[in-house]
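For reference, the structure is listed below as structure tokens.
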4 protein chains.
Amino acid sequence: MRKRERELLLAAKTLFSRRGFYDTTVSDIVESLGIARGTFYQYFKNKDDIYRRVLEQVVEELSSRLKLVSPDDPFAQLRENLKGVLELMVEDRDLARLVFYHPYKLNPRFDAVLEEFFLKVYALVEHAVKTGMEMGVVRRCNPEIVARAIVGAFMEVGKLLIEQESPDIEGAVDELLAIGRAGLLEER
Amino acid sequence: MRKRERELLLAAKTLFSRRGFYDTTVSDIVESLGIARGTFYQYFKNKDDIYRRVLEQVVEELSSRLKLVSPDDPFAQLRENLKGVLELMVEDRDLARLVFYHPYKLNPRFDAVLEEFFLKVYALVEHAVKTGMEMGVVRRCNPEIVARAIVGAFMEVGKLLIEQESPDIEGAVDELLAIGRAGLLEER
Amino acid sequence: MRKRERELLLAAKTLFSRRGFYDTTVSDIVESLGIARGTFYQYFKNKDDIYRRVLEQVVEELSSRLKLVSPDDPFAQLRENLKGVLELMVEDRDLARLVFYHPYKLNPRFDAVLEEFFLKVYALVEHAVKTGMEMGVVRRCNPEIVARAIVGAFMEVGKLLIEQESPDIEGAVDELLAIGRAGLLEER
Amino acid sequence: MRKRERELLLAAKTLFSRRGFYDTTVSDIVESLGIARGTFYQYFKNKDDIYRRVLEQVVEELSSRLKLVSPDDPFAQLRENLKGVLELMVEDRDLARLVFYHPYKLNPRFDAVLEEFFLKVYALVEHAVKTGMEMGVVRRCNPEIVARAIVGAFMEVGKLLIEQESPDIEGAVDELLAIGRAGLLEER
DNA sequence: GATGAATGAGGGTTCATTCAT
DNA sequence: AATGAATGAACCCTCATTCAT
């Protein structure tokens, strides 16, 4: 990937993340780099193309932080996973905003990339829950619902953190894990 | 509100919910009603206006289903709240899709409406958690994080349910409450 | 067909006929009428569309001047046909130029209309020649070749006439018929 | 003329002949040779330039096949001329297509080359007809009209032949000459 | 000679909005 | 209230051409 291509992808990520797809024009992107409009089309087929490429890159970065939880010390590893992803998001808030606020499902044109990713995440978590049940670690439950609940809780906390100046990632992760461990009620 | 106005709002809700704001044109809306484009502007200042009105209506409907949890039987009432909102969403999936997939934060132009609503919901849940802590029912925790986690879990489960043919709302609500009650681990 | 549509078709015919498809812009067309560019798209799907419509109109006008030669007095009727078409072309030289100089076969996108027309004309003439042979009026020959030769001779003479100030259509027709009647050699 | 220049001219002839001037891009031409876009401009001033050069080359090849009809055996020589040109066209159909379908007169920018050629051909034929009349071989007629008719008949037959798999050039030439000799009517 | 990244003028098209009827 | 023709700003994209290497 050439330098210009990287620059364009980065500029596009920032703009798309802040204004969305439709309120970002190709001119906005090239102007932010001080280059000519035509140059854009040397590297990307069209505006849809670069948006898809940005989302792909986002998914790739996220995936690289996700490691399969091995059975040795599942909780420690889960903790690392959550922490890793949240750290990435807090470091790169543009990326996080795209994941959280991309108008997923509203425009079939771009859904493929993120949809695939989310489905993978759902499946991953669901599989972990099922395995836990089989091992007798996780109580009996509806794994599909529970998986969604876990991902949802995680994502919403992520949204909170990226809005904060100096977010306490460790604290947030611990809080999420604590809910999973023992729920919210006072022990009797 | 006149009949035409209601018709336009309804048509717009359906279309915005399925194609998003930018892929829905004013022509699409009026054509779906078989009326002239000019008529649209008799009832709405512009396209932004009707979108905001649609979101406002959505928020209103949702709010009408949300009741403050009273201290009598908090769990029963929480249950009713969750059930009520999920039922509304499953009945009116266009509404649900707007809440879930509206490109919130990506386009500052329309954020006000939903942002206000979500902040209200976060505050509501946070307040409930705090009250629970004070009453000794809820264990010590970070209420802000926990509130976000609850809302996130709820929303993601909502997304799942509206994709299903005949969703089991009761089951989903119970599952969510069970997590809150006891977490996910097998009791030792 | 509404007034505007007719105006646009006429303006387009003139411009296409003088500059060709690619050197005529949509702006040229609307500016020649003093209307806005957007108006164009109220009446035509796109630039291709209006060009096709212009060609269709041309073909229709030409066809309306072509009458089947009846066996009564074939020569008189043939004469009338030739004269009629040449008169139309001389009256409407824009039309004639489109028929003669349209880049037929070079751009498959617009060929359909004129190709169909030319094939019809070739077939018509070929059929006439065959009938003449069967009736013993026309000498034995290759009707396909002869039909092409006739059409070609006619068209090239047409090109000549539309370049002249006050063309002698009758004379030209007579000349063409004379060749068909007796060839070019001095009688021995 | 350098090798590259010849290659470019040949590639351009093929492409222009099949897609026309505007649907052939400079990129198409250089890509068909696997060379860089910049190289093109080392040999040709611009796109117009190469098109003109292609047409010039076409005209040159055609002219080389045209010999003045000498008075010895005018018919034999006319026959050879017709045959020679048709053979060239059937051998090099790209060349023929450019001559036949070039949007002559629709775009004044490139008219000069072909116009000059056609005028020369018309003049040549017209002169031959006049000479024939003076010699008492050709009957009295309007030489201008007749010249056009001859060229037109010839060209249209040429169009037919280049569309056929294995065209019968001799037969076509004989048919054309027969018309000139005796017209189309059955001898009484 | 050859390259190919960069340019930017120019054209086609969409669509929200206006306004006279 | 309703209409729908007209508008024109805005945007995407193509492609011939240049130029530093």
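In what follows, chains carry the letters A, B, and so on, assigned in the order in which the sequence lines appear, proteins first and then strands, with residues in each chain numbered from 1.
- Taking atom CG on C/Asp28 and atom P on E/dG10, their separation rounds to 13 Å, with Å as the unit.
- Ring centroids of C/Tyr51 and C/His102 are separated by less than 6.0 Å, placing the two rings close together.
- With DNA chain E read from its 5' end, the first of the two nearest nucleotides for C/Lys47 and D/Ile35 is the one closest to D/Ile35.
- A donor N or O paired with an acceptor N or O is found under 3.5 Å between the base of E/dT17 and the side-chain atoms of B/Arg37.
- Atom C1' of nucleotide E/dA16 and atom CG of B/Asp49 are separated by 13 Å, given to the nearest angstrom.
- Rounded to whole Å, the distance from NZ on A/Lys45 to P on F/dC13 is 9 Å.
- Across C/Asp28, C/Asp23, C/Asp94, a single residue satisfies salt bridge (Lys or Arg N to Asp or Glu O under 4.0 Å) together with C/Arg18, and that is C/Asp94.
- At F/dT3, one or more side-chain N or O atoms of B/Thr39 fall inside 4.0 Å of OP1 or OP2 (strictly under the cut-off).
- By the 4.5 Å heavy-atom criterion applied to side chains, B/Leu95 and B/Ser17 are not counted as neighbours.
- When heavy atoms are screened at a 4.0 angstrom cut-off, D/Phe44 is found touching no nucleic acid atom at all.
- Put simply, the side chain of C/Leu62 reaches to within 4.5 Å of the side chain of C/Val99, judged on heavy atoms.
- Across the interface with DNA chain F, nearest-nucleotide mapping of A/Ser27 and A/Gly38 shows A/Ser27 to be the residue nearer the 5′ end.
- The nearest whole Å value for the distance from the OH atom in A/Tyr22 to the C1' atom in F/dC11 is 13 Å.
- Spacing between atom CZ of B/Arg4 and atom C1' of F/dT3 amounts to 11 Å, rounded to whole angstrom units.
- No side-chain heavy atom of A/Leu55 sits under 4.5 Å from any side-chain heavy atom of A/Phe117.
- Taking 3.5 Å as the limit, the base of F/dA1 and the side chain of B/Gln42 contain no donor-acceptor pair of atoms between them.
- The interatomic distance linking A/Phe40 (CZ) with F/dC13 (P) rounds to 7 Å, in whole Å.
- Remark: C1' of F/dC11 and CD of A/Glu31 are 12 Å apart, rounded to the nearest angstrom.
- Here D/Tyr43 lies in heavy-atom contact (under 4.0 Å) with sugar-phosphate atoms only.
- A/Thr39 places none of its side-chain heavy atoms less than 4.5 Å from the side chain of A/Val30.
- Separating the CG atom of C/Leu33 from the C1' atom of F/dA6 is a distance of 13 Å, rounded to the nearest angstrom.
- Looking at DNA chain F, the stems built from 3 or more consecutive Watson-Crick or G-U wobble pairs, each pair with its key distances under 3.5 Å, are E:2-21 with F:2-21.
- Residue D/Tyr41 places no side-chain N or O under 4.0 Å from the OP1 or OP2 atom of E/dT3.
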**Request:** In sequence, state the C-alpha distance, the side-chain angles, and the governing distance for B/Glu5 and B/Arg53, and then conclude on salt bridge (Lys or Arg N to Asp or Glu O under 4.0 Å).
**Result:** CA-CA 11 Å; B/Glu5 198 172 345; B/Arg53 291 281 306 278; 3.0 Å; yes
